[in-house]
Amino acid sequence: MTWSNRMRADAEAALSAALATADPARGVAEWLRDHPRAGPGRRVVVAMGKAACAMAAGAVAEGGVDPADVLVITKDGHGARCPEGARFLEAGHPRPDGRSLAAGAAILEWVVGLGARDELLLLVSGGASALADALPPGIPPGDWYAANEALVGAGLPIEAINAVRKHCSQLKGGQLARAAAPARVTALLLSDVIGDDPAVIGSGPAAPDPSTFDDALAALHGLSGIPDSLRAHLEAGRGGHRAETPVELPNSRNVVVGSNRQALESAAEALRERGYGALILTGRLQGEAREVARAVGAVALEAAATAVPAPPPVALLWGGETTVTLGPESGEGGRNQEMALAMGEDLAGTEGVGVLCAGTDGTDGPTDAAGGWVDGTTWDRAREAGWSIRGSLAGHDSGSLLEALGDRVVTGPTGTNVMDLCLALVSPKRPWTQSDSSAN
Ligand SMILES: O=C(O)[C@H](O)CO
């Protein structure tokens, strides 16, 4: 086995371990097993987001829940693992649509009439903000769709986008928990945001909201494409003519049951078992993919050259989520494949350094790959095959090149979504021997 194949196999094994840990069904089931219900009363479930089906399956397996009491709202094509007998709705993502509003109405109906002895088990994962909503009077659906388009298209941080969403909704920013009172609300969250803030994940339907109408208006500053009805609603809120989102929710608790950090720790453990020292450098990676890539590549090369921050064999781990700003040309690819490929030039000709970048949902951008692998051989192999890394990056076509080289990382849809992982492996300068690792 070449050093390159060997390290790629190690990185892919670490990714598999991370995905197993981030499995949302497992996270929900484990939490419910450790927190058995006390007292009588119904437990009804609302699962919303891209991982709603798996989370609902975990609740049915361990939570003493009747599937008929489960409402699942997920993205088109994300219905695998949905518990039989649950009410199942699909809705628009990343652009909300009429089905998102129908889903919001269904949620509010689902919690009507719950009493003080009942519990709403709310299972929230990434995408929930677009998939379900209930608009306040005065905001027509068309205006709401246009506003979402403008907010997401402007590349604003998710905190800012969700501050606006929360203040133009009857569900978000803790308002679902308020609607479910006097029932107790337990929200189990699969985090797809940096920092794992319950108020941001899926716009925090059961989380006290520290943001205000004022913050929402500030987020819109300088943004075009926001309809007047929306601005008027927010202005009215700032003037005290609309109810603020709740800052306290005594009936609600929020618990993160799956996160990028857990995935990183599990990947690090798997790499230690394979003979690497493993350092998690950050779970807060963000920024333009190709620029972040240069920094990640530089740290890995530094470890190879100077044994800083740790001597080889070492694995350096990053988590988070980068972005890609598309130009006029865009081919096949996604942020993880672009990030991997953007290291190709800096790594060119080096030995013993390889990097895997992958999205934990298994879908990098609009492609069917999770991400890509790059090492010191990529540049030459691409040239020999008639490809140019620079050209592919210029056309945002990283996926086509990586596919031609057999260097895409393909997991298939994973059912989870805890952002991305980037694993840089640095081998000793000499070839691997049995004593370098317990793995074969
Ligand atoms: O749905 C959302 O708001 C984003 O995915 C963040 O959780």
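Whatever order the structure lists ligands and atoms in, that order sets their numbers, starting from 1. Excluded from the calculations below are hydrogen atoms, water molecules and symmetry mates; all remaining heavy atoms, backbone and side chain alike, are included. In this chain, numbering begins with 1 at the start of the sequence shown.
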**Q** Could you list which atoms of ligand 1 come closer than 4.0 Å to a heavy atom of Ala128?
**A** 1 (O)
**Q** Considering non-hydrogen atoms of the protein only, which is the closest contact for atom 3 (O) of ligand 1, and what is the distance?
**A** Ser129 OG, 2.5 Å
**Q** Taking 4.0 angstrom as the limit and counting only heavy atoms of Asn162, give me the atoms of ligand 1 inside it, by number and element.
**A** 3 (O)
**Q** Evaluate whether atom CG of Asp228 has more than 12 neighbouring non-hydrogen atoms of other residues, nucleotides or ligands under 6.0 angstrom away.
**A** no
**Q** Would you say Ser169 and Gln175 are linked by a side-chain donor-acceptor pair, where the criterion is simply a distance under 3.5 Å?
**A** no
**Q** Salt bridge check, Asp133 against Lys172: does any charged N sit closer than 4.0 Å to a carboxylate O?
**A** yes
**Q** Salt bridge between Arg408 and Asp368, side-chain N to carboxylate O under 4.0 Å?
**A** yes
**Q** Looking at residues at least two apart in the chain, or sitting in another chain, which of them share a side chain to side chain donor-acceptor pair (under 3.5 Å) with Glu159?
**A** none
**Q** Which of the atoms in ligand 1, numbered in the order shown and given with their element, are less than 4.0 Å from a heavy-atom of Arg165?
**A** 3 (O)
**Q** Could you tell me which atoms of ligand 1, counted from 1 in the order shown, lie closer than 4.0 angstrom to a heavy atom of Val193?
**A** 6 (C), 7 (O)
**Q** Of all residues at least two apart in sequence or in a different chain, which pass the salt bridge (charged side-chain N to carboxylate O under 4.0 Å, His left out) check with Asp196?
**A** none
**Q** Pull out every atom of ligand 1 sitting under 4.0 Å from any heavy atom of Gly127, numbered as shown with elements.
**A** 1 (O), 2 (C), 4 (C), 5 (O)
**Q** Consider every N or O of Ile158 and every N or O of ligand 1, then say whether any pair is closer than 3.5 Å.
**A** no
**Q** Under a 4.0 Å threshold between the charged nitrogen and the carboxylate oxygen, would Arg81 count as salt-bridged to Asp23?
**A** yes
**Q** Considering the heavy atoms of Ile201, write down every atom of ligand 1 situated less than 4.0 Å from one of them.
**A** 7 (O)
**Q** Please state which protein non-hydrogen atom is closest to atom 7 (O) of ligand 1 and give its distance, to 0.1 Å?
**A** Asp192 OD1, 2.5 Å
